[in-house]
Asker: 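Sending over a structure as structure tokens; questions will come in a sec.
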Amino acid sequence: MTTSLAVKYRPTLFKQFYGNQATLSALQSCLQREGCPHTILFIGPSGCGKTTLARIVKQKLKCSSFDFIENNAADFRGIDSVRDIIRQMSLAPMDGPCRVWLLDECHQLSKDAQHALLKALEDTPSHVYFLLATTDPSKLLPTIRTRCTQFEVKALSPKEIIDLLKNICEMEKVAIPNEVLEQIGEDSLGSPRMALSILDKIIGMKKEEMLEAAKQQAQAQSESIDLCRALISKRPWKEIAKILSNLEQEPEQVRRAILGYAQAVLLKSGQDRAYLIIEAFREPLYDIGKPGLVASCFEAIQ
């Protein structure tokens with residue numbers, strides 16, 4: 001089976017991680033000092049490296065594979081699962097100085113599970129570390145967030161995405177036209193994973209087919225394209241509300257998609273609508289989530 005580019009080139013060291021240099025510097029400094037925090041929370045859009053960074057941190061803590069437990073809260077969300085962690089916390093590491101739990105998409109834990117997790121975070125043994133990752137921290141208990149040292153992993157800029165793709169193409173020894181790389185840079189919503197997924201699909205195509213294929217792949221992967229178009233064309237609120245009701249992407253990623261779409265329209269045509277939309281979506285939605293997305297959409301069409 002062929003390994004996907006996103007898996008093949010997933011960073012395993014800090015120096016391989018692309019972008020987010022301020023976050024990397026702060027995280028490395030945090031790990032180097034005495035009294036490293038036992039609970040770290042990574043927030044940011046999908047596909048931008050939160051889980052990858054958590055795995056690198058696990059290596060820096062010298063945690064062995066025997067003592068590393070990774071769970072996705074989409075499948076692991078009940079109170080019994082957290083109680084199981086609490087029972088295991090008292091056990092000594094099997095091979096190394098510590099035990100590490102990585103809870104991905106931790107905002108999907110039930111409220112009861114979150115309350116149980118809070119107790120674990122308050123009574124963490126010295127040999128236990130928790131690494132949490134979420135696209136929607138607004139759904140976490142405020143008391144959990146205050147117990148964590150928080151690091152934001154931001155989406156990459158189009159230029160950073162293009163530079164990443166050029167490096168990958170060089171290592172893969174494939175030639176992709178610049179206009180195709182620029183299109184992927186605009187359409188991938190700042191997500192390296194999405195950009196590499198699109199690149200995966202078009203490698204091997206005829207050059208004259210690549211640009212249209214890249215556009216189609218981006219639209220297939222983004223549920224927010226219809227919302228972008230609805231806002232630009234100022235459709236009735238009833239239509240926009242229907243799109244919002246069916247939207248399953250995390251709010252911050254949708255915000256990034258809307259900003260990228262509006263920016264492209266503004267640069268190409270100078271539409272006032274695009275400027276007003278950018279103004280309405282200036283603030284990140286990590287803390288307020290979907291209510292903030294709905295409010296920004298309503299503001300954008302007024």
Asker: Measure across Val82 and Ala113 and return the closest heavy-atom pair with its distance rounded to 0.1 Å.
Answerer: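 Nearest pair, atom of Val82 first, then Ala113: CG2-O, 3.7 Å.
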Asker: Nearest 0.5 angstrom please: Ile168 CD1 to Leu181 CG, how far?
Answerer: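 Here the interatomic distance stands at 11.5 Å.
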Asker: Cluster question for you: counting only ILVMFWY and a side-chain heavy-atom cut-off of under 4.5 Å, with indirect links fine, are Leu132 and Ile69 together?
Answerer: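 Same hydrophobic cluster.
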Asker: Measure from the side-chain N and O atoms of Gln114 to the backbone N and O of Leu109, and report whether any donor-acceptor pair falls under 3.5 Å.
Answerer: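 Yes, because the side chain of Gln114 sits within donor-acceptor range (under 3.5 Å) of the backbone of Leu109.
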Asker: Work out which heavy atom in Gly47 is nearest to a heavy atom in Pro192; give both atom names and the distance.
Answerer: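 Minimum heavy-atom contact is O-CD, 3.0 Å.
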Asker: Between Gln263 and Tyr275, is there a side-chain donor-acceptor contact under 3.5 Å, judged purely by atom types and distance?
Answerer: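 Result is no, nothing qualifies.
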Asker: For Ile161 versus Gly185, what's the shortest heavy-atom pair and its separation?
Answerer: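 Heavy-atom minimum between the residues: CG2-CA, 3.7 Å.
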Asker: Give the minimum heavy-atom separation between Ala6 and Arg193, together with the two atoms involved.
Answerer: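 That would be CB-CG, 4.2 Å.
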Asker: Could you verify whether a donor N or O on one side chain and an acceptor N or O on the other, from Tyr9 and Asn167, lie under 3.5 Å apart?
Answerer: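 No, Asn167 and Tyr9 have no side-chain donor paired with an acceptor closer than 3.5 Å.
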Asker: Any side-chain heavy-atom pair from Leu140 and Leu41 closer than 4.5 angstrom?
Answerer: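 Side-chain contact under 4.5 Å: yes.
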Asker: Are Tyr129 and Trp101 near enough that their ring centres are under 6.0 Å apart?
Answerer: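 Tyr129 vs Trp101: aromatic centres not under 6.0 Å.
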Asker: Mark yes or no for whether Thr146, through its side chain, and Thr143, through its backbone, hold a donor-acceptor pair below 3.5 Å.
Answerer: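 Yes; at least one donor-acceptor contact below 3.5 Å.
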Asker: Could you check whether any side-chain heavy atom of Pro37 comes within less than 4.5 Å of a side-chain heavy atom of Cys30, counting everything from C-beta outward?
Answerer: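 Side-chain contact under 4.5 Å: yes.
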Asker: Verify side chain to side chain contact (heavy atoms under 4.5 Å, CB included) between Val265 and Cys228, making sure each step is shown before the conclusion.
Answerer: CA-CA 11 Å; Val265 171; Cys228 297; over 6 Å; no
Asker: Nearest 0.5 Å please: distance from the CZ atom of Phe42 over to the CD atom of Glu152.
Answerer: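 Interatomic distance, Phe42 CZ to Glu152 CD, rounded to 0.5 Å: 12.5 Å.
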Asker: Would a distance-only check, ignoring hydrogens and angles, find a side-chain to backbone donor-acceptor pair under 3.5 Å from His127 to Met89?
Answerer: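 Side chain of His127 to backbone of Met89, a donor-acceptor pair under 3.5 Å: yes, one is there.
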Asker: Start with the C-alpha gap between Arg83 and Asp80, add the side-chain angles, then the distance that decides, and say whether salt bridge (charged side-chain N to carboxylate O under 4.0 Å, His left out) holds.
Answerer: CA-CA 5 Å; Arg83 283 172 175 163; Asp80 289 340; 3.6 Å; yes
Asker: Val7 versus Ser4: any side-chain heavy-atom pair under 4.5 Å?
Answerer: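 Yes - at least one pair of side-chain heavy atoms lies under 4.5 Å apart.
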Asker: For the CG atom of Leu196 and the CG atom of Leu5, what is their distance to the nearest 0.5 Å?
Answerer: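 It is 6.0 Å, given to the nearest 0.5 Å.
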Asker: Can a donor-acceptor pair be found between the side chains of Asp84 and Gln88 at a distance below 3.5 Å?
Answerer: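 Per modelled atom types, Asp84 and Gln88 side chains form a pair under 3.5 Å.
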Asker: Could you tell me if Asp104 and Thr51 have a donor-acceptor pair between their side chains, going purely by distance under 3.5 Å?
Answerer: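 Distance-only check passes for Thr51 and Asp104.
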Asker: Just one of Ile176, Val174, Leu164 clears the side-chain contact (heavy atoms from CB on, under 4.5 Å) bar with Leu199, so which one?
Answerer: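 Of the listed residues Ile176, Val174, Leu164, the side-chain contact (heavy atoms from CB on, under 4.5 Å) partner of Leu199 is Ile176.
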Asker: Has the side chain of Glu160 got a donor or acceptor atom that lies under 3.5 Å from a matching backbone atom of Ser157?
Answerer: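 Indeed, once roles are kept as given, a pair shorter than 3.5 Å links the two residues.
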Asker: Taking the side chain from Thr39 and the backbone from Leu121, do they hold a donor-acceptor pair closer than 3.5 Å?
Answerer: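 Here the side-chain-to-backbone pair does not exist.
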Asker: Can Leu131 be reached from Ile86 by stepping across I, L, V, M, F, W or Y side chains whose heavy atoms are under 4.5 Å apart?
Answerer: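 Different clusters: Ile86 never reaches Leu131 through Ile, Leu, Val, Met, Phe, Trp or Tyr contacts under 4.5 Å.
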Asker: Return the NZ to CG distance between Lys58 and Leu61, rounded to the nearest 0.5 Å.
Answerer: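 Going from the NZ atom of Lys58 to the CG atom of Leu61 covers 10.0 Å.
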Asker: Do the non-hydrogen side-chain atoms of Ile243 and Cys297 ever get within less than 4.5 Å of each other?
Answerer: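 A side-chain contact under 4.5 Å is absent here.
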Asker: Do Asn71 side-chain atoms and Leu103 backbone N/O form a donor-acceptor pair below 3.5 Å?
Answerer: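 Looks like no, no N/O pair under 3.5 Å.
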Asker: Go through it in stages, so that I can follow the logic: the residues are Leu227 and Tyr261, the test is side chain to side chain contact (heavy atoms under 4.5 Å, CB included), and I'd like the CA-CA distance, side-chain angles, deciding distance and then a yes or no.
Answerer: CA-CA 10 Å; Leu227 180 58; Tyr261 195 94; over 6 Å; no
Asker: Report yes or no: do Ser46 and Glu250 form a side-chain donor-acceptor pair below 3.5 Å?
Answerer: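 Distance-only check passes for Ser46 and Glu250.
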Asker: Let me check something: do Phe66 and Leu102 share a hydrophobic cluster, defined by ILVMFWY side-chain heavy atoms less than 4.5 Å apart, either directly or through other members?
Answerer: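 Looking at the clustering, Leu102 is in a separate group from Phe66.
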Asker: Are a donor atom and an acceptor atom from the side chains of Ser64 and Asp67 found within less than 3.5 Å of each other?
Answerer: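 Their side chains do contain a donor-acceptor pair, which is all the 3.5 Å distance test asks for.
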Asker: Using a distance-only test with no angle check, is there a side-chain donor-acceptor pair under 3.5 angstrom linking Thr12 and Gln16?
Answerer: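 Short answer, yes.
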Asker: Using the rule given for side chain to side chain contact (heavy atoms under 4.5 Å, CB included), can you reason through Ile43 versus Gln150, listing the C-alpha separation, both sets of side-chain angles and the distance that settles it, and then say yes or no?
Answerer: CA-CA 7 Å; Ile43 68 170; Gln150 186 169 296; 3.5 Å; yes
Asker: Which heavy-atom pair separates Leu91 from Arg99 by the least distance, and what is that distance?
Answerer: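 Nearest heavy atoms, Leu91 then Arg99: O-CD, 3.4 Å.
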Asker: For Val128 and His38, which heavy atoms make the closest approach, and how far apart are they?
Answerer: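 Closest pair (atom of Val128, atom of His38, distance): O-ND1, 2.6 Å.
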Asker: With a 3.5 Å cut-off and no angle check, do the side chains of Ser138 and Asp136 form a donor-acceptor pair?
Answerer: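 The criterion, which ignores hydrogens and geometry beyond distance, is satisfied for Asp136 and Ser138.
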Asker: Please evaluate residues Leu266 and Arg273 with respect to the criterion side chain to side chain contact (heavy atoms under 4.5 Å, CB included), reporting the C-alpha separation (whole Å), side-chain torsions for both, the decisive distance (0.1 Å), and the verdict.
Answerer: CA-CA 8 Å; Leu266 186 59; Arg273 287 281 314 134; over 6 Å; no
Asker: So that I can tick it off, tell me whether Arg255 and Glu283 are bridged by a salt bridge, with the cut-off set at under 4.0 angstrom between side-chain N and carboxylate O.
Answerer: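 Not counted as a salt bridge, because no side-chain N and carboxylate O are separated by less than 4.0 Å.
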Asker: Give, for atom CD of Glu186 and atom OG of Ser188, the distance between the pair rounded to the nearest 0.5 Å.
Answerer: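 Between Glu186 CD and Ser188 OG, I get 8.5 Å after rounding to 0.5 Å.
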Asker: Evaluate the side-chain proximity of Pro236 to Glu239: yes if any heavy-atom separation is below 4.5 Å, no if none is.
Answerer: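 Sidechains of Pro236 and Glu239: in contact.
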Asker: When you measure from the side chain of Lys290 to the backbone N and O of Leu244, does any donor-acceptor pair fall under 3.5 Å?
Answerer: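 Yes: the side chain of Lys290 pairs with the backbone of Leu244.
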Asker: For Glu122, I'd like to know if atom CD has over 12 heavy atoms of other residues, nucleotides or ligands within 6.0 Å.
Answerer: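 Counting other residues, nucleotides and ligands, CD of Glu122 exceeds 12 neighbours.
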Asker: Kindly say whether Gly44 contributes a backbone atom to a donor-acceptor pair with the side chain of Lys50 at under 3.5 angstrom?
Answerer: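 A pair under 3.5 Å: yes.
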Asker: Could you tell me whether Lys15 atom NZ has more than 12 heavy atoms of other residues or ligands within 6.0 Å of it?
Answerer: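 No.
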Asker: Is the count of non-hydrogen atoms from other residues, nucleotides or ligands lying under 6.0 Å from Asp272 atom CG greater than 12?
Answerer: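 Incorrect, the count does not exceed 12.
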Asker: Going only through I, L, V, M, F, W and Y residues with side-chain contacts under 4.5 Å, is there a path from Ile277 to Ile301?
Answerer: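 They do share one cluster, since a chain of ILVMFWY contacts under 4.5 Å joins Ile277 to Ile301.
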Asker: Salt bridge or not between Arg282 and Glu279? Use side-chain N to carboxylate O under 4.0 Å.
Answerer: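 Here Arg282 pairs with Glu279 in a salt bridge, since their nearest N and O are under 4.0 Å apart.
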Asker: Can you tell me how far apart CD1 (Ile240) and CG (Leu247) are? Round to the nearest 0.5 Å.
Answerer: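 These two atoms lie 12.0 Å from each other.
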Asker: Quick one: do Ile56 and Tyr18 end up in the same hydrophobic cluster if we chain Ile, Leu, Val, Met, Phe, Trp and Tyr together by side-chain heavy atoms under 4.5 Å apart?
Answerer: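 Per the 4.5 Å side-chain linkage, Ile56 and Tyr18 are not co-clustered.
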Asker: Would you say the side-chain atoms of Ser233 pair up with the backbone N or O of Arg229, donor to acceptor, closer than 3.5 Å?
Answerer: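 Here the side-chain-to-backbone pair exists.
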